[in-house]
Structures are given as structure tokens and as C-alpha cells.
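Remarks on the structure that follows.
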Amino acid sequence: MFRKYVLLTMIALMLNVTFYSTAMANTDKDAEFAEEVKVTIANLGTGKIARIEIKLKDGAKLKGYVSEIKDSGFVLTNAETGLSKEVSYLQVKQIKGGNSKVGQRIFAVFAVIGLLTVLSWGAARGN
């Protein structure tokens, strides 16, 4: 009988340790992702050119532009209605969109690479 209680206690302790470590791992991942969101928002900047779409952990979807950046979150303003909502970095599950200037820079880099490729191909065919 004593062995049965000891065995059940050991099983309960092992399960407790297993689920505790899983919960701690999820908390670390959430904190890392929140930091990534914070960096992404900081890189976008503020203003009407900083348009994003976000999905929150509760399933809500928001879209608009970043009107203010804070330490714990940011303010998202809907471009159509003008309504603002403060969003915590920890609430964000997914983020899409970006600053149109970033897209222009990427396009310029690919255009230069393409131009250099065409010029080098032409120079190689000419020899």
C-alpha cells in the first residue's frame, strides 16, 4: 500500500515538472516574440506610411497605421475611422505590412542587382 502512494506521488511530481517546464518555455517564446514585434514597430516608425495589419492572441484583427510608440506597446490608428487603440507588444500574435519606404529600398536594391546582372551578361557576351 505504501509503495502505491509513493509511486503515485512520484508520477504526480514528474508530471508537474514536465508541464512547468513547458509553460516556462512558452513564456520565454512569448517574451522573445514581443521583443521582435517591438523592434519591428520601432523600425517602421510612426505616421500614415507605417501601415500594418496585426492579429492579436485573442483572435482580433486590426489594421491601420502606427501613430505612437511606447515602451510597453504602440498606438494603432484606423486610417478609415480615425479610431485609435493601444496595443501591448505581448498581445500581438502576427504582424503584416510595413513602411512603404522599406519596400522602395528593397525594390531599389533588386533593381540595381538586376541592372548589374544585365550589364555583366552583356559584357560577357561581347567578349
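Count residues from 1 along the sequence.
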For this session: With sequence neighbours excluded, give me every ring-ring contact (aromatic ring centres under 6.0 Å, His included) pair touching residues 30-64.
Result: none
Problem set entry | By ring-ring contact (aromatic ring centres under 6.0 Å, His included) - contacts of Tyr89 (at least two apart) | Phe74
Seminar exercise, completed: The side-chain hydrogen bond (donor to acceptor under 3.5 Å, both in side chains) partners of Thr40 (sequence neighbours excluded) come to none
Problem set entry | Linked, directly or transitively: Tyr65 and Ile52 (ILVMFWY side chains, under 4.5 Å) | no
For this session: Could you list the residues that satisfy side chain to side chain contact (heavy atoms under 4.5 Å, CB included) with Ile113, not counting sequence neighbours?
Result: Val109, Thr117
Exercise. Do the side chains of Ile41 and Leu56 join up, straight or via other hydrophobic residues, at under 4.5 Å, putting them in one cluster?
Worked result: yes
For this session: Any ring-ring contact (aromatic ring centres under 6.0 Å, His included) involving residues 35-60? Give me the pairs, sequence neighbours left out, ordered by first then second residue.
Result: none
Exercise. For Gln94, which residues count as a side-chain hydrogen bond (donor to acceptor under 3.5 Å, both in side chains) partner, sequence neighbours excluded?
Worked result: none
Exercise. Pairs in or reaching into residues 68-81: which pass side-chain hydrogen bond (donor to acceptor under 3.5 Å, both in side chains), with residues at least two apart or in two chains?
Worked result: Ser67-Thr77, Lys70-Glu86, Thr77-Ser84
Seminar exercise, completed: Hits for side chain to side chain contact (heavy atoms under 4.5 Å, CB included) against Lys93, two or more places apart or cross-chain, chain-then-number order -> Lys57
For this session: Please list all pairs passing the salt bridge (charged side-chain N to carboxylate O under 4.0 Å, His left out) test where one or both residues lie in residues 33-43, with sequence neighbours left out.
Result: none
For this session: Name all residues meeting the side chain to side chain contact (heavy atoms under 4.5 Å, CB included) criterion together with Thr46; count only those two or more places apart in sequence or in a different chain, and write none if there are none.
Result: Val66, Ile69
Seminar exercise, completed: salt bridge (Lys or Arg N to Asp or Glu O under 4.0 Å) filter on Lys63, not counting sequence neighbours, yields none
For this session: Locate the shortest heavy-atom distance separating Gly45 from Ala50; write the atom from each residue and the value.
Result: O-CB, 3.4 Å
Problem set entry | side-chain hydrogen bond (donor to acceptor under 3.5 Å, both in side chains) partners for Ser88, two or more places apart | none
Exercise. Knowing that exactly one of Lys85, Gln91, Glu53, Lys55 qualifies, which makes a side-chain contact (heavy atoms from CB on, under 4.5 Å) with Leu62?
Worked result: Lys85
For this session: Could you tell me which non-hydrogen atom of Leu90 sits nearest to which non-hydrogen atom of Ala34, and how far apart they are?
Result: CD2-CB, 3.5 Å
